[in-house]
Amino acid sequence: QVQLVESGGGLVQAGGSLRLSCAASGRTFSTYMMGWFRRAPGKEREYVAAITWGGGSTYYADSVKGRFTISRDNAKNTVYLQMNSLEPEDTAVYSCGANPRDNYYWRESAYDYWGQGTQVTVSS
């Protein structure tokens, strides 16, 4: 069992930055691939970024590549999403997920555990 709690969301102007954190409970955190997804108002949840259990590989959706960076600190049981050059289109509830399979990182169904989400609002 893994419990996830996101934090770091807020209101920011276009072009600004935010860093989201996802704190995990459970001693098996380091064995999970971790991912960030987001859900904008009236839209389906979409994949944003993922990182392998050891942090050696990272993956990004085209819409955030070059602007967002995912990282993790297994000693702190935490995964981060650094978001730079934010755009109004990035406005969404951001959630982290834990994937025990280390593949299919872009599929919501591959993640067994989810946090409650944190709201990110980017004003123009």
Side-chain angles (χ1 to χ4, degrees):
Q1 187 83 10
V2 177
Q3 292 184 324
L4 305 172
V5 179
E6 301 94 337
S7 61
L11 174 64
V12 64
Q13 289 189 330
S17 298
L18 282 175
R19 187 174 85 152
L20 305 183
S21 298
C22 172
S25 64
R27 292 176 291 178
T28 60
F29 170 78
S30 62
T31 66
Y32 286 85
M33 168 172 267
M34 298 297 296
W36 285 96
F37 285 69
R38 67 186 181 186
R39 187 194 300 272
K43 295 187 177 181
E44 298 289 321
R45 181 184 282 181
E46 67 173 358
Y47 157 73
V48 174
I51 186 167
T52 51
W53 66 271
S57 295
T58 56
Y59 309 93
Y60 298 93
D62 288 343
S63 58
V64 306
K65 201 171 294 183
R67 300 188 298 123
F68 291 10
T69 302
I70 188 171
S71 62
R72 68 189 296 164
D73 185 339
N74 286 342
K76 295 182 178 180
N77 278 11
T78 302
V79 62
Y80 305 97
L81 186 67
Q82 177 66 44
M83 306 186 295
N84 299 328
S85 302
L86 283 161
E87 304 167 352
E89 293 73 24
D90 296 316
T91 295
V93 175
Y94 285 71
S95 300
C96 64
N99 173 1
R101 300 163 185 82
D102 211 30
N103 57 14
Y104 297 110
Y105 53 85
W106 64 92
R107 291 184 182 175
E108 187 177 348
S109 60
Y111 294 77
D112 286 357
Y113 303 103
W114 292 94
Q116 83 290 347
T118 185
Q119 175 70 48
V120 171
T121 303
V122 184
S123 63
S124 58

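The analysis underlying the following values was restricted to heavy atoms, covering all of them including side chains, and did not include hydrogens, waters or symmetry mates.
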Is there a path of hydrophobic side-chain contacts, each under 4.5 Å between heavy atoms of I, L, V, M, F, W or Y residues, that connects [X] with [Y]?
X	Y	answer
I70	Y105	no
V12	F68	yes
V48	L18	yes
Y60	I51	yes

Answer yes or no: is there a donor N or O on one side and an acceptor on the other, between the side chain of S25 and the main chain of Q3, under 3.5 Å?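 At least one qualifying donor-acceptor pair exists.
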
Quick one: does N77's side chain have a donor or acceptor within less than 3.5 Å of a partner on G26's backbone?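 Yes, N77 side chain to G26 backbone: donor-acceptor pair under 3.5 Å.
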
Considering only heavy atoms from C-beta outward, does the side chain of [X] approach that of [Y] to under 4.5 Å?
X	Y	value
L20	E6	no
L81	Y94	yes
V79	W36	yes
Y32	V2	yes
N99	D112	no
Y113	Q1	yes
V120	R38	no
Q82	S17	yes

Report the C-alpha distance between R101 and Y111 in whole Å, list the side-chain angles of each, state the deciding distance to 0.1 Å, and finish with yes or no for side-chain contact (heavy atoms from CB on, under 4.5 Å). CA-CA 8 Å; R101 300 163 185 82; Y111 294 77; over 6 Å; no

Go through W53 and M33 one step at a time and tell me if the side-chain contact (heavy atoms from CB on, under 4.5 Å) criterion holds. CA-CA 5 Å; W53 66 271; M33 168 172 267; 5.8 Å; no

Evaluate side-chain contact (heavy atoms from CB on, under 4.5 Å) for R19 paired with M83, printing each intermediate quantity in order. CA-CA 6 Å; R19 187 174 85 152; M83 306 186 295; over 6 Å; no

Which label fits F37 and Y47: parallel for a plane angle under 30°, tilted from 30 to 60°, or perpendicular past 60°?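 If you compare the ring of F37 with that of Y47, the planes turn out perpendicular.
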
Can you name the closest pair of heavy atoms from [X] and [Y] and give their distance?
X	Y	answer
A24	L4	CB-CD2, 3.5 Å
R67	D90	NH1-OD2, 2.8 Å
V122	T91	N-OG1, 2.9 Å
S124	A14	CA-CB, 4.3 Å

Gap separating the OG1 atom of T58 from the NZ atom of K65, nearest 0.5 angstrom: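 One gets 10.0 Å once the value is rounded to the nearest 0.5 Å.
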
Within this structure, what is the CD-OG distance for the pair E89 and S63, rounded to the nearest 0.5 Å?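 Between atom CD of E89 and atom OG of S63 there are 10.0 Å.
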
Going by distance alone, is a donor N or O of one side chain under 3.5 Å from an acceptor N or O of the other, for T78 and D73?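 The answer is no; no qualifying pair exists.
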
Is it the case that more than 12 heavy atoms not belonging to Q119 sit under 6.0 Å from its CD atom?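 Result for CD/Q119: enclosed.
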
Can you tell me if CH2 on W114 sees more than 12 non-hydrogen neighbours from other groups inside 6.0 Å?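 More than 12 within 6.0 Å, yes.
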
Starting from the C-alpha separation in whole Å, work towards a yes-or-no answer on side-chain contact (heavy atoms from CB on, under 4.5 Å) for Q116 and S95. CA-CA 7 Å; Q116 83 290 347; S95 300; over 6 Å; no

